[in-house]
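Just so it is clear, the values below take in all heavy atoms, side chains as well, and ignore hydrogens, waters and symmetry mates.
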Amino acid sequence: MQNFEYIAPTTVQNAVAALSSQWGVTELLMGGTDTMSLLKERLATPTRVVSLRHINELKGVSKAGSGLKVGSMTTLSALASNKDVAKAYPSLVTAVEGIHSMQHRAMSTVASDLLQRPRCWYFRNGFGLLGKGPGGKSLAPAGENQYHAILGNKGPAYFVNPSSLAPALVALGAKATVTGPEGSRQVAIADLYAIPMGDNDREVTIKPNEVITDIVLPAAKGLENATYEVRQRTLFDWPLATASVALKMKGKMVEDAVVVMGHVAPKPWRSSEAENALKGKTISESVAGEAGKAAVSMATPLSKNKHKVTLASVAVKRAVMRAAGMEVA
Amino acid sequence: MPNYDWPSQQNTTLLGKRYDRLDGPWKVRGTAEYAYDRNLDGMLVARMVTCPHAHAKITAIDIEPAKRVQGFRGAEVINPVGTELQWTGQEVLAVAADTEEAARDCANAVRVTYEVLEHLSGEEDVKKAGQKNRVQPASDDTKGDPEAGFKSADVVHEGYYGVATITHCCLEPHGQVVDWKGDEITVYASTQAVSRIGADLATNLAADERFKDVKANQIRVITPVMGGGFGSKFNIDTWGVACAKLSKVTGRPVKLMLDRDEELMLAGARPSDFGNLKIGAKSDGTIVAFESESWSTGGVSGRGAPPLPYIFTEIPNQRVRHLNVSTNTGPSRAWRAPNHPQAAAMTMTALTDLAQKLKMDPVELFKKNLNLTSRGDVYARQLDKAAEMIGWKQKYHAPGDGKGKIRKGVGASIHTWAGRPHDSTCRVDIGPDGSVSANLASQDLGVGCRTVIAAVLAETVGLPLDVVQVNIGDSNLPPSGASGGSTTVGGVSASTRRAAVNALEKLKEVVAPELGVAADDLEAKGGRLVSKSDSSKSIGWDEACRKLGVKTIAEMGQQPDRNGGKLNDSGVGGAQMAEVSVDLETGIVKVESMAAVQDIGYVIALKQSESQVFGALIQGVAWALYEERVYDEITGAMLNADMEFYKLSGIGDIGNLMVHIDQGIYDDRGVIGLGEPPAISPGAAISNAVHNALGVRVPVLPMTPDKVLEAIEKGGVA
């Protein structure tokens with residue numbers, strides 16, 4: 001770990017003021033579950049670390065109109081155990097429960113989950129976010145890409161977005177309030193992420209000196225939502241593919257649908273193909289299955305991750321069934 | 001000569017019974033002091049600089065930048081300029097500094113330059129490895145007439161099978177604290193060989209001109225507890241030697257424990273195995289011919305061939321070939337039952353596939369051919385017992401017979417291991433204050449060895465378990481063998497038994513005249529020495545010991561004993577069965593339950609024996625379903641040298657584990673080791689259960705969803 005200055009401001013204004021406008025110069029500490037490893041592995045070598053943990057206004061869940069406002073420093077366990085969240089947004093609760101580590105859920109916050117860096121093993125082994133080897137060639141396409149992207153993987157990025165909450169929040173139409181030196185703005189969660197195209201790009205659209213202060217969840221009335229995660233193990237592990245759906249129902253018929261997949265692309269991947277397959281339909285296992293197939297119809301698997309196409313399709317199918325109150329395997 | 005024989009377990013209070021391990025409370029409370037926990041006054045911390053390339057020659061080492069880091073204390077080169085390094089993570093040098101942080105900064109500051117050479121990481125593609133000149137024939141053995149054998153067969157099965165390389169991944173990584181003061185060198189080591197690594201260190205130090213006069217008797221090794229070895233911690237290793245040198249040159253104690261990534265990259269791997277197997281049988285299931293061509297890697301140098309065909313060694317016609325593939329990957333070390341788990345995972349699977357072709361229950365096929373094994377009666381009984389435990393009769397169905405998205409299946413495997421006892425010397429002391437202790441330089445790897453020694457001593461002198469003291473993990477004590485190959489319990493139980501009987505004899509000689517009985521008329525039980533002929537004549541233990549006055553009894557016991565006498569044996573059998581469920585849509589396999597039946601001869605500590613088997617099954621679930629070392633072929637980097645993508649099983653993944661230790665059947669054979677045998681079969685049993693569920697084989701372990709889905713798709717399972 002490289003030495004750094006540590007500050008723990010108590011206001012958002014002071015936190016923003018302490019951040020550099022250049023990536024890599026300062027780092028935010030929001031939960032510590034990822035940043036600490038990055039520092040230890042020297043994948044992050046900031047001169048200053050800014051903790052948001054002492055900014056009390058960033059913690060907790062409150063009513064906001066007919067929806068909810070979730071402070072960005074609310075821990076994942078606090079989020080999932082909040083009664084209003086549990087009642088209206090089961091897809092978020094499932095996403096949190098999928099993290100089979102009580103310790104992790106107790107430390108990790110909404111912001112740290114959303115902004116954690118990719119788990120791509122090329123990135124984590126020091127080959128850069130785009131995982132380039134000798135001669136600047138991308139390693140994933142010809143290498144060990146079993147956990148890599150099957151969508152949005154035209155290059156040069158092949159990693160997958162690791163956030164547990166993001167797919168569910170995108171499906172629910174949530175927005176993040178982002179605060180920087182020029183004030184606050186609202187960003188749809190879907191627009192928080194971008195696929196990096198160059199070596200100096202990041203996987204997020206917010207600026208290095210901006211912080212997420214809260215998440216605004218729109219009303220979930222009439223919105224059947226669910227998450228399904230394909231996981232190999234029942235301990236702290238990353239899912240192989242996930243899907244979150246939000247269905248606006250008119251009686252038994254799907255009036256509108258949002259289908260978002262996680263761990264399949266460098267950003268949460270919304271599938272209009274799957275959504276179209278659901279609109280106007282009554283949910284059955286076969287309709288859900290069709291949506292699953294549609295969700296991956298544009299998939300372009302790499303040499304070792306063809307199975308992820310199947311897994312993502314199953315995740316969508318089962319999330320749709322779960323949202324419709326059907327039993328899944 | 002005193003009678004050392006094991007008492008009948010009908011008359012024992014401890015041996016063969018259930019009691020808690022002595023070190024359990026220390027571990028739960030965190031008071032057990034592992035090598036990693038040693039923090040001595042003035043101690044420095046050392047870190048290693050390792051090679052970032054899979055194959056490279058060191059062209060220059062510049063330590064100067066590290067010397068400018070605040071806190072730098074010393075550096076020792078492990079592999080000098082000119083050395084050709086053969087795997088990513090191989091050691092270059094070690095640096096010591098005031099703190100761990102400073103040591104890491106020092107290691108980061110060192111500049112090493114390399115001439116990068118061509119490498120090979122993967123071995124499964126043996127053709128490609130051959131083109132790179134990395135394949136060497138290892139063995140080619142023929143028995144009978146394989147060609148004629150196959151001609152005489154009614155049914156022939158051919159299949160491809162494999163097991164990926166796994167690492168030992170010890171929870172306490174390798175390493176030690178070395179405190180070199182004057183002429184005395186104390187090594188607090190995480191080791192499986194307390195009595196041995198001192199000499200190993202001395203030899204390695206003496207090879208360096210600066211330390212050429214070092215002798216083994218200057219070195220004391222201390223290991224009261226240790227956090228897992230599995231066969232990877234027998235040597236002092238380069239980092240131990242560097243740590244000692246750093247202690248000498250800095251004049252301070254130095255701690256060097258491996259990081260998790262180092263632990264996975266360079267501190268031990270179990271070789272892979274891949275191969276094509278062919279088995280021929282008569283239509284009644286009688287196996288007549290076997291042929292295999294297998295290959296594996298143990299890293300850059302070769303390794304022994306797996307014992308194929310496994311268990312059914314007497315198949316009349318055989319040809320068994322093995323190839324070694326040299327790869328630039330972390331070198332192999334012994335892993336529980338070296339070569340056996342791989343051999344089982346290839347043989348038992350191929351036999352189960354043959355059974356499918358014969359339309360036979362695979363357990364019936366195993367039983368039909370037990371005459372081709374060396375302990376058929378044992379396996380027959382164990383297979384029946386395991387079948388009863390898991391409900392084989394109710395659960396077994398024709399392979400692939402099932403409906404719905406979740407398919408269930410059961411599978412079986414059998415195994416053997418020698419487990420002959422290692423040499424051991426024990427001294428039992430009885431003091432005038434009534435204290436009793438067993439003293440020997442053995443080690444407890446976390447499996448209950450300390451408790452075993454205590455039980456033997458306590459049973460022999462007729463005292464409760466918590467009254468006797470066990471002193472192990474110190475090389476100043478009488479020597480005992482390294483703990484590997486299931487040799488420990490057989491060895492230490494015999495030396496302790498003999499020493500305890502000898503010490504007790506001495507005590508009897510002191511008190512017998514006062515009781516007016518002959519010494520050999522006395523027996524120790526219930527905390528007293530009691531006359532066998534007249535039970536009214538007895539004396540309490542403490543009172544008896546007081547008669548020693550100022551003397552302490554110190555008697556030795558040996559394994560083997562020069563006068564002979566049989567307290568142990570080698571050669572056991574075991575059977576395991578697994579039940580799994582497979583999600584047809586995701587290819588995810590869950591272990592529902594496992595049943596393990598194990599023969600270990602005369603049982604000493606039943607609960608610890610069961611625990612040893614539980615551990616083996618839990619490890620087995622991991623290497624059957626999750627665990628593999630992943631190298632990037634382009635860069636030669638190990639991509640999952642962490643516990644995030646190097647996946648082990650968690651508590652929710654292991655299912656319902658059932659263990660049965662054979663008791664009262666083989667007591668006459670004496671004690672036989674248990675560390676290896678239960679670790680052999682899990683992969684084969686789980687693979688066979690998946691086969692039963694799906695009707696198709698997932699040929700290579702671990703059975704990750706990609707491989708399971710591929711098998712489902714290829715086999716048209718619906």
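- Between the OG1 atom of A:Thr45 and the CG atom of B:Asn108 there is a distance of 10.0 Å, given to the nearest 0.5 Å.
- At a 4.5 Å heavy-atom cutoff, B:Glu101 makes no contact with chain A through either its backbone or its side chain.
- Looking at every heavy atom in both residues, A:Pro134 comes nearest to B:Thr635 through CD-CG2, 4.1 Å.
- Neither the backbone nor the side chain of A:Lys308 comes within contact range of chain B; no heavy atoms are under 4.5 Å apart.
- More than 12 heavy atoms of other residues, nucleotides or ligands shown are found within 6.0 angstrom of CD on A:Glu5.
- For a residue to count as touching a neighbouring chain, one of its non-hydrogen atoms must lie under 4.5 Å from one of that chain's; by this rule B:Asp261 does not touch chain A.
- By the neighbour-count criterion of 12 heavy atoms within 6.0 Å, atom CE of A:Met326 is densely surrounded, having more than that number from other residues, nucleotides or ligands.
- Remark: B:Phe645 CZ to A:Asp237 CG distance equals 7.5 Å, nearest 0.5 Å.
- Options A:Asn3, A:Thr234, A:Leu235 differ in how many heavy-atom pairs under 4.5 Å they form with chain B, and the most are formed by A:Thr234.
- Salt bridge status for B:Asp706 with A:Lys304: absent, with no side-chain N to carboxylate O gap under 4.0 Å.
- In this structure, the portion of A:Lys306 lying under 4.5 Å from any heavy atom of chain B is its side chain and not its backbone.
- For the atom pair CD1 (B:Ile634) and OH (A:Tyr122), the distance works out to 6.0 Å, reported to the nearest 0.5 Å.
- Note: B:Lys647 leads B:Met643, B:Lys647, B:Met638 in heavy-atom pairs under 4.5 Å with chain A.
- There is no side-chain donor-acceptor pair under 3.5 Å between B:Glu644 and A:Trp121.
- For B:Asp259 and A:Lys40, the salt-bridge test fails: no basic side-chain N is under 4.0 Å from an acidic carboxylate O.
- In plain terms, the two heavy atoms of B:Thr586 and A:Leu311 that are nearest each other are O-CD2, 3.3 Å.
- Proximity of a side-chain donor or acceptor of A:Arg233 to a complementary backbone N or O of B:Leu648 within less than 3.5 Å is detected.
- Heavy-atom distances place no part of B:Glu710 under 4.5 Å from chain A, backbone and side chain included.
- Contacts between A:Phe236 and chain B at a heavy-atom distance below 4.5 Å are absent for every atom of the residue.
- Interface residue B:Leu709: only side-chain heavy atoms are found under 4.5 Å from chain A.
- Between B:Asp583 and A:Arg318 there is a salt bridge, since at least one side-chain N of the basic residue sits less than 4.0 Å from a carboxylate O of the acidic one.
- At a 4.5 Å heavy-atom cutoff, the contact between B:Thr704 and chain A is made by backbone and side-chain atoms alike.
- For the pair A:Gln146/B:Val630, a side-chain contact is recorded, criterion being any heavy-atom separation below 4.5 Å from C-beta on.
- If you measure heavy-atom distances from B:Lys590 to chain A, the contacts under 4.5 Å come from the side chain alone.
- Heavy-atom contacts from other residues, nucleotides or ligands closer than 6.0 Å to NZ of B:Lys707 number more than 12.
- The minimum heavy-atom distance linking A:Thr310 with B:Glu585 is given by the pair CG2-O, 3.6 Å.
- Counting heavy-atom pairs closer than 4.5 Å to chain A, the top residue among B:Asp653, B:Ile588, B:Val708, B:Asp105 is B:Asp653.
- One distance of note links CD of A:Glu144 with CG of B:Asn640; it measures 9.0 Å at 0.5 Å rounding.
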